[in-house]
Amino acid sequence: MLAGPTTFARRVVAVTRSIPRGRVATYGDVAVLAGRPGAARAVGNIMAHCEDPTIPCHRVIAAGGDLGGYTDLVRKKQQLAAEGVTFSGRRIRQFRELRWTGDTPATLRRRRPV
DNA sequence: ATTTTGACCGTGC
DNA sequence: CGCACGGCCAAAA
């Protein structure tokens, strides 16, 4: 078999792909969903490559609802805006509601209801 | 095998 | 609100 991305990297991409349109997830959230709590920084490293445009890497933001990094921040903002996400400077509005932490029966308990 | 690097995160000032 | 610091982790050097 050909050498490819590590298991971790692939899981990160899979999680990123699962983020619904118009919703966002922090690097830390993705790390948790990928099975490596605390690996937020490592997630950022992987996202930095993000060659494949079909991967919604613009939905991965920084903690607290901050826009976070991106190769082209202006574009990241535009892409999110195109999905209905609004901002207040670098801060995403309605972060509490838009945040997606994998709303599944298993993970729902981790977050408190709005 | 060891060191360096980064689209991070929480805390403190 | 902004900035520095230390801690974290996986990938690349």
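Every heavy atom of this structure was used, including side-chain atoms; hydrogens, water molecules and symmetry mates were not. Within every chain, numbering begins at 1; the chains are lettered A, B, ... in the order of the sequence lines, protein sequences first and strands thereafter.
- Remark: side-chain polar atoms of A/Arg59 are not paired, donor with acceptor, to backbone N or O of A/Val24 under 3.5 angstrom.
- Taking atom CG of A/Leu33 as the reference point, atom C1' of B/dC8 lies 16 Å away to the nearest angstrom.
- Among the protein residues, A/Gly38 comes within range of the sugar-phosphate backbone only, with heavy atoms under 4.0 Å from sugar or phosphate atoms but none that close to a base.
- A donor-acceptor contact shorter than 3.5 Å links the side chain of A/Arg93 to the backbone of A/Phe87.
- What separates CD1 of A/Ile61 from P of B/dC8 is a distance of 12 Å, to the nearest Å.
- Residue contacts shown for A/Phe8 are limited to sugar-phosphate atoms, with no base heavy atom under 4.0 Å away.
- Rounded to whole Å, the distance from CZ on A/Arg59 to C1' on B/dA7 is 17 Å.
- Follow the hydrophobic side-chain contacts under 4.5 Å out from A/Ile19 and you reach A/Tyr27 in the same cluster.
- The separation between A/Tyr27 atom OH and C/dG7 atom C1' is 19 Å, rounded to whole Å.
- In this structure, the side chain of A/Lys77 does not engage the main chain of A/Arg90 through any donor-acceptor pair within 3.5 Å.
- A/Ala63 comes within contact range of the sugar-phosphate backbone alone, with a heavy-atom separation under 4.0 Å but no base atom that close.
- Taking atom CE of residue A/Met47 and atom P of nucleotide C/dA12, one finds them 15 Å apart after rounding to whole Å.
- Distance from the side chain of A/Ala39 is smallest to C/dC9 among B/dA7, C/dC9, C/dA11.
- With hydrogens and angles disregarded, a donor-acceptor distance shorter than 3.5 Å links the side chain of A/Arg91 to the backbone of A/Gly64.
- Atom pair A/Arg36:CZ and B/dC9:P shows a separation of 18 Å (rounding to whole Å applied).
- Listed candidates were B/dA7, B/dG6, B/dC9. Nearest to the side chain of A/Asn45 is B/dG6.
- With distances taken from any side-chain atom of A/Ala9 to the nucleotides B/dA7, C/dA11, B/dC9, the minimum falls on C/dA11.
- A/Ala42 comes within contact range of at least one nucleobase, with a heavy-atom separation under 4.0 Å.
- A straight line from CZ of A/Arg11 to P of C/dA10 spans 12 Å, rounded to a whole angstrom.
- Regarding A/Arg99, its CZ atom lies at a distance of 10 Å from the P atom of B/dC9, rounded to whole Å.
- Taking 4.0 angstrom as the limit, A/Arg41 places none of its side-chain polar atoms (N or O) nearer than this to OP1 or OP2 of C/dA10.
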